[in-house]
Amino acid sequence: MQRPQREKHHSGNPRHSSPMPSAQGQKHHSDHAQHSWPIIARAWPIVAPLRSFLSCSSLCVLCSFLCVLVSAQISAQTPQPFPRPAQPTRPAPTPPAAPPPAPAAAAPAAEQTPTEATLGVPIYPGSQFIASYDAGRGQRYYIFGSAASFVELVAYYRTILKQKGELVYDVPATHEFDVGRFREETMAFPPGVTIKDFQSDVSQGYPNPKPGSQPARFPTIIQIVPVTERP
């Protein structure tokens, strides 16, 4: 008896053969696809607005961040008003009170005219006292102006002091009369009378320091160093 041959379902090497779907398998896949699509179609009306909402939210967040960044940059560049409205304004400091005006300095008292007793020698009549100056070493010398000429004054003191004196300068003419004892260790000038001619071709005389007084210029000046000790 011949053995019935088994029906071969596959030809060739089963390792390299790809199984073909059967008609029943294709029908099952088609039914599954038909059942899945309506679910996605029904979910799309919810997914689409959600995606749109998420996109809009992200865009809004980005726009808000950019607005804050731009505002901060503008604030940094724009100077803030001073003082700020939220801060109370400080009152301006009160300027220090002006110091009271200093009292007017009292005019120096006019120097008293020395007398013959304090000078130790006679004063030519009509002479005007001008000023006194520090001679050093405790001495002072006194200046008088006279309207008399140089020759007249020399003649007067030669007579009153009973001595000739000495002509120490020719131009300007200057004549000295030493009266009293000169101590070199304690004195700067020898005591006595010096007469000086201030009237010449180049000078009209010594200006009178007292405005409006006469004469306006003194032709002759008398300088007296007080006599403190007789020889």
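Small disclaimer: the values here were computed from a predicted structure and weren't measured. Values below: every heavy atom of this structure, side chains too, minus hydrogens, waters and symmetry copies. We're numbering straight along the sequence, starting at 1.
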Is any side-chain heavy atom of [X] less than 4.5 Å from a side-chain heavy atom of [Y]?
{"X": "Arg181", "Y": "Glu229", "result": "yes"}
{"X": "Met187", "Y": "Thr228", "result": "yes"}
{"X": "Ser127", "Y": "Phe218", "result": "no"}
{"X": "Ile221", "Y": "Ile130", "result": "yes"}

Treating [X] as the side-chain partner and [Y] as the backbone partner, does any N or O pair qualify as donor plus acceptor under 3.5 Å?
{"X": "Gln139", "Y": "Phe189", "result": "yes"}
{"X": "Asn208", "Y": "Pro215", "result": "yes"}
{"X": "His175", "Y": "Glu166", "result": "yes"}
{"X": "Ser203", "Y": "Ser200", "result": "no"}
{"X": "Thr159", "Y": "Ala155", "result": "yes"}
{"X": "Gln128", "Y": "Gln214", "result": "yes"}
{"X": "Arg158", "Y": "Lys164", "result": "yes"}
{"X": "Arg183", "Y": "Pro190", "result": "no"}

Approximate separation, where rounding is to 0.5 Å, of [X] [atom1] and [Y] [atom2]:
{"X": "Ile123", "Y": "Ser146", "atom1": "CD1", "atom2": "OG", "answer": "11.5 Å"}
{"X": "Ile224", "Y": "Tyr142", "atom1": "CD1", "atom2": "OH", "answer": "10.5 Å"}
{"X": "Glu176", "Y": "Leu167", "atom1": "CD", "atom2": "CG", "answer": "9.5 Å"}
{"X": "Tyr124", "Y": "Ile160", "atom1": "OH", "atom2": "CD1", "answer": "11.5 Å"}

- request: Answer with yes or no whether the hydrophobic clustering places Ile195 together with Tyr156; edges join I, L, V, M, F, W, Y residues whose side-chain heavy atoms lie under 4.5 Å apart.
  value: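 Ile195 and Tyr156: one cluster.
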query: Is there a path of hydrophobic side-chain contacts, each under 4.5 Å between heavy atoms of I, L, V, M, F, W or Y residues, that connects Val193 with Ile143?
result: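 Hydrophobic grouping puts Val193 apart from Ile143.
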message: Would you say Thr220 and Gln199 are linked by a side-chain donor-acceptor pair, where the criterion is simply a distance under 3.5 Å?
response: no
task: Apply the side chain to side chain contact (heavy atoms under 4.5 Å, CB included) test between Lys196 and each candidate in Thr174, Val168, Leu153, Ile222; give the one that qualifies.
output: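 Of Thr174, Val168, Leu153, Ile222, side chain to side chain contact (heavy atoms under 4.5 Å, CB included) with Lys196 is met by Thr174 alone.
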query: side chain to side chain contact (heavy atoms under 4.5 Å, CB included) between Leu119 and Phe144: does it pass, once the steps are laid out?
result: CA-CA 12 Å; Leu119 296 177; Phe144 294 83; 4.0 Å; yes
Within 6.0 angstrom of Glu116 CD, more than 12 heavy atoms from elsewhere: yes
- prompt: CD of Gln204: more than 12 outside heavy atoms within 6.0 angstrom?
  reply: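 No, the 6.0 Å shell around CD holds no more than 12 heavy atoms from other groups.
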- request: Of all the heavy-atom pairs spanning Arg140 and Ser132, show the shortest one and how long it is.
  value: NH2-OG, 3.1 Å
field: Minimum heavy-atom distance Ala188-Ala135, with the two atoms named
entry: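 The answer is CB-O, 3.3 Å.
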message: I'd like to know whether Phe182 forms a side chain to side chain contact (heavy atoms under 4.5 Å, CB included) with Asp178, so could you lay out the CA-CA distance, the side-chain angles of the two residues, the decisive distance to 0.1 Å, and finally the verdict.
response: CA-CA 9 Å; Phe182 175 66; Asp178 292 337; over 6 Å; no
Phe198-Tyr206 aromatic ring centre distance below 6.0 Å: yes
message: For Phe177 and Tyr157, take the angle between the two ring planes, folded into 0 to 90°, and tell me which bin it lands in: parallel under 30, tilted 30 to 60, perpendicular over 60.
response: tilted
